[in-house]
Amino acid sequence: MYTIQSDVKEHDEARQGEALMLENEGAKNNGRKLYIESYGCAMNFSDSEIVASIMTDMGFQTTTDYKEADVVFINTCSIRENAEQRVRNRLREFGSAKSRNPGMVVGVLGCMAERLKAKFLEEEKLVDVVVGPDAYRDLPNLIDKVDDGAKAVNVLLSREETYADINPVRLNSNGITAFISIMRGCDNMCSFCVVPFTRGRERSRDAHSIVNEARELFNQGYREVTLLGQNVDSYKWASQDELEKVNFAGLLEMVALVSPDLRVRFSTSHPKDITDEVLYTMAKYENICKYIHLPVQSGNSRILELMNRTYDREWYMERVNSIRRIIPECAISTDVITGFCTETEEEHQDTLSMMDFVKYDFAYMFMYSERPGTLAAKRFTDDIPEEVKKRRLNEVVAKQQQYSHERLLQQVGKVQKVLIEGFSKKSELDYAGRSDQNATVVFPADNNYKPGQYVNVKIERCTTATLIGTICE
Ligand code: SAH
Ligand code: SF4
Ligand code: F3S
């Protein structure tokens, strides 16, 4: 069971007035328990920490056991059909807990809430409250309504909301690594993607609030932050008087300067927007991790055009060449979709040959799943049979396994700087952490070092997904 960091608020003097105002609200809910479960991308996990913050200000305590909770929230993902199916199955399980405890409030948050809106209440009778990603500040009011016996929905999207002033309550935290949301929404219209509909327009968070959050985390003992956005390279913030303008390269530098002992990661980069300026900034600071997640989706220019990714194969290869030139040691990972509308066998081969070109360190690979309301659903037919999508996916996965292993093997015999995150999942005798390039490294625990410290590890061997070594001087 994780503990809530009750000292979080004490660090934030500016919020003490607000805390007083909320005292009455808090008293009403004191002792009520909140359970939150998150699906989907890191952004959703980060949002759950904002929700937990709003709910603890209301007097709730978090629990890791939904069966003892007064309020059960499920923060949902709509990215593929099976992501939504997983949520519906989980709701069934909450349903049986609710039948034993009729007072239990069930809330659906996040992208599926936004996509289905009030329809959710008709489709899933056990749901009491539906809250979209930009409406979490309205939770006190929505919970009130539900307590009065009504059902409640708020799925308004916002052009401004960034929750910049909310101090997230870190959930399931190892106390060493944390996510920081730097922007919300997405203004790209990739034809397969539901995110612009569920998350609304792109907006960037105040750069200083981001740096302050990073500094506060560092002071609490955290040693790694991951800056989150659907397309971090289009981060753009200006002060009200427009005198101060910060782009993503500038923001990276500001966060890197918090401390040389704070590692900085980020996700996701869009191939059309990642600039050499970002790459040079990465090269300049030792603490900006040399790892870029650069989703390719397809290696074929015609498919990329149908996907509305706004780059082609050559552009992507040029970006990879720039990464290799400016940051030779940089690890690169990707996302791939197989069997997008009208994809031919030759076009699929282009994806495989792109993988041969880049030799990705890691990849997330998916079969195309048509999402209602997207451009692709309106314009094209989802015409590649399931078994063809699956076979192409298997080919992509097999190739990636080969390259992932190859990339790890290249590290054997070398020394890696590792941030210790805790004990390995398999054994309390081993520590686990990650290398600069984001590879998991496991090595015998040593009492002289504890989680949160950096150690040099000599890599001795590897499995298909993990580097194994021992601490060296
Ligand atoms: N903003 C990120 C992607 C977020 S979604 C980017 O632009 O790269 C994460 C990944 O899910 C996508 O990169 C894509 O590979 C996959 N994905 C999105 N929609 C999908 C769909 N309809 N079917 C299959 N995979 C999809
Ligand atoms: Fe979706 Fe494209 Fe935006 Fe990524 S950049 S979230 S894939 S629309
Ligand atoms: Fe899923 Fe929404 Fe993230 S659809 S991938 S949770 S932005």
Side-chain angles (χ1 to χ4, degrees), residues 37-48 51 74-87 108-116 132-134 155 157 179 181-203 228-235 266-274 292-299 303-304 306-311 316 319 332-341 343 351 360 362-378 380 382 384 386 389-390 392-393 396 400:
E37 193 166 288
S38 309
Y39 291 80
C41 62
M43 197 69 92
N44 247 18
F45 285 75
S46 168
D47 279 3
S48 290
V51 170
I74 181 160
N75 197 353
T76 60
C77 174
S78 285
I79 201 82
R80 284 167 292 276
E81 198 179 337
N82 57 12
E84 292 201 349
Q85 202 47 52
R86 209 169 306 141
V87 166
V108 177
L109 317 178
C111 292
M112 229 177 136
E114 191 62 50
R115 193 176 84 71
L116 289 163
D134 287 345
V155 288
L157 287 173
F179 291 126
S181 267
I182 63 163
M183 54 207 294
R184 300 182 69 82
C186 183
D187 277 355
N188 296 316
M189 272 286 175
C190 302
S191 63
F192 52 80
C193 185
V194 78
V195 172
F197 304 95
T198 62
R199 293 256 161 189
R201 298 302 298 268
E202 179 187 288
R203 65 222 97 121
L228 293 180
Q230 293 299 349
N231 177 3
V232 290
D233 301 288
S234 69
Y235 176 87
F266 54 88
S267 185
T268 303
S269 302
H270 195 299
K272 82 173 156 68
D273 291 320
I274 188 167
I292 298 176
H293 184 58
L294 196 68
V296 67
Q297 314 299 0
S298 163
I303 293 295
L304 286 169
L306 292 186
M307 287 176 163
N308 201 23
R309 288 289 286 181
T310 67
Y311 55 84
Y316 187 92
R319 290 289 75 206
I332 304 179
S333 63
T334 201
D335 294 345
V336 174
I337 297 177
T338 66
F340 186 66
C341 314
E343 184 188 65
T351 298
Y360 293 107
F362 190 82
Y364 299 90
M365 299 152 282
F366 314 100
M367 287 189 282
Y368 172 59
S369 161
E370 185 177 86
R371 308 310 295 132
T374 55
L375 290 181
K378 286 185 196 147
F380 315 126
D382 180 11
I384 306 300
E386 178 90 1
K389 286 181 183 170
K390 197 171 277 170
R392 289 180 187 168
L393 178 66
V396 167
Q400 185 50 43

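Note that ligands are numbered from 1 as they come in the structure, with each ligand's atoms numbered from 1 the same way. Just so it is clear, the model here is predicted, and its values are computed rather than measured. Numbers for residues simply follow the sequence, beginning at 1.
If you check which protein heavy atom lies closest to atom 5 (S) of ligand 1, you get Ile79 CD1, 3.5 Å. Scanning the protein for heavy atoms near atom 1 (Fe) of ligand 2, the closest one is Cys193 SG, 2.3 Å. Of all protein heavy atoms, the one lying nearest to atom 2 (Fe) of ligand 2 is Cys190 SG, 2.3 Å. Looking only at protein heavy atoms, the nearest one to atom 23 (N) of ligand 1 is Ser369 N, 3.0 Å. Atom 5 (S) of ligand 2 has its closest protein heavy atom at Asn188 ND2, 3.4 Å. Of all protein heavy atoms, the one closest to atom 14 (C) of ligand 1 is Gln297 OE1, 3.4 Å. The protein heavy-atom contact nearest to atom 9 (C) of ligand 1 is Asp335 OD2, 3.7 Å. Closest protein heavy atom to atom 24 (C) of ligand 1: Met367 O, 3.4 Å. Nearest protein heavy-atom neighbour of atom 19 (N) of ligand 1: Phe192 CD1, 3.3 Å. Counting only heavy atoms of the protein, atom 3 (Fe) of ligand 2 lies nearest to Cys186 SG, 2.3 Å.
Residues Met307 and Ile337 are in side-chain contact: their nearest non-hydrogen atoms beyond the backbone lie under 4.5 Å apart. Side chains of Ser234 and His270 form no contact here, defined as non-hydrogen atoms less than 4.5 Å apart. Looking at heavy atoms from C-beta onward, His293 lies in side-chain contact with Ser333 at the 4.5 angstrom threshold. Looking at Ser78 and Phe197, their side chains never come closer than 4.5 Å, going by heavy atoms from C-beta outward.
Using a 4.0 Å cut-off between heavy atoms, Gln230 contacts ligand 1 through both its backbone and its side chain. No part of Asn231 comes within 4.0 Å of ligand 2, judged by heavy-atom distances. The proximity of Pro295 to ligand 2, defined as any non-hydrogen pair under 4.0 Å, does not occur for either the backbone or the side chain. Of the heavy atoms in Arg309, only side-chain atoms (C-beta onward) come closer than 4.0 Å to ligand 1.
Selection from His293, Arg80, Met43 by nearest heavy atom to atom 11 (O) of ligand 1 gives Arg80. With distances taken over non-hydrogen atoms, the option nearest atom 8 (O) of ligand 1 out of Pro295, Ala376, Cys193, Ser269 is Pro295.
When every heavy atom of Asn44 is checked against every heavy atom of Tyr39, the shortest pair comes out as ND2-O, 2.8 Å.
Ligand 2 has at least one atom lying under 4.0 Å from a heavy atom of Arg309. Ligand 3 lies nowhere less than 4.0 angstrom from a heavy atom belonging to Met43. Residue-ligand proximity: Ile337 is placed with a non-hydrogen atom under 4.0 Å from ligand 1. Under a 4.0 angstrom heavy-atom cut-off, Gln230 registers as being in contact with ligand 3.
Side-chain atoms of Tyr311 come within 3.5 Å of backbone atoms of Val296 as a donor-acceptor pair (strictly under, hydrogens ignored). Thr76 contributes a side-chain N or O that, together with a main-chain N or O of Leu109, makes up a donor-acceptor pair within less than 3.5 Å. With hydrogens and angles disregarded, no donor-acceptor distance shorter than 3.5 Å links the side chain of Arg309 to the backbone of Gln297. The closest donor-acceptor contact from the side chain of Asn308 to the backbone of Met189 lies under 3.5 Å. Side-chain N or O atoms of Arg199 include none that pairs as donor or acceptor with a backbone N or O of Cys186 at under 3.5 Å. The backbone N or O of Leu294 lies less than 3.5 Å from a partner atom in the side chain of Tyr316, making a donor-acceptor pair. Side chain of Glu343 to backbone of Ile303: no donor-acceptor contact under 3.5 angstrom is found. Side-chain N or O atoms of Thr198 include none that pairs as donor or acceptor with a backbone N or O of Arg115 at under 3.5 Å. Here the side chain of Thr268 pairs no donor or acceptor atom with the backbone of Asn231 at under 3.5 angstrom.
Close approach of ligand 3 to Cys111 (heavy-atom distance below 4.0 Å) involves ligand atoms 2 (Fe), 4 (S), 6 (S), 7 (S). Close contacts between ligand 1 and Arg371 involve ligand atoms 22 (N) [criterion: under 4.0 Å to a heavy atom]. Of all atoms in ligand 3, numbered sequentially from 1 with element shown, those under 4.0 Å from a heavy atom of Arg199 are 7 (S). Listed by atom number, the atoms of ligand 3 under 4.0 Å from Cys41 heavy atoms are 3 (Fe), 5 (S), 6 (S), 7 (S). Near Cys77, the atoms of ligand 3 lying under 4.0 angstrom from a non-hydrogen atom of the residue are 1 (Fe), 4 (S), 5 (S), 6 (S). Which parts of ligand 2 touch Pro196 is read off a 4.0 Å heavy-atom cut-off, strictly below it: atoms 8 (S). Taking every heavy atom of Ser78 and a limit of under 4.0 angstrom, the matching atoms of ligand 3 come to 1 (Fe), 4 (S). For ligand 3, the atoms closer than 4.0 angstrom to any heavy atom of Asn44 are 6 (S).
Lys389 and Asp382 are joined by a salt bridge, as a carboxylate oxygen and a charged side-chain nitrogen come within less than 4.0 angstrom of each other.
A side-chain donor from one of Ser48 and Ser38 sits under 3.5 Å from a side-chain acceptor of the other.
At a cut-off of 2.8 Å, His270 does not coordinate atom 3 (Fe) of ligand 2 through any N, O or S atom.
Using a 30° and 60° split on the angle between ring planes, Phe362 and Tyr364 fall in the perpendicular class, above 60°.
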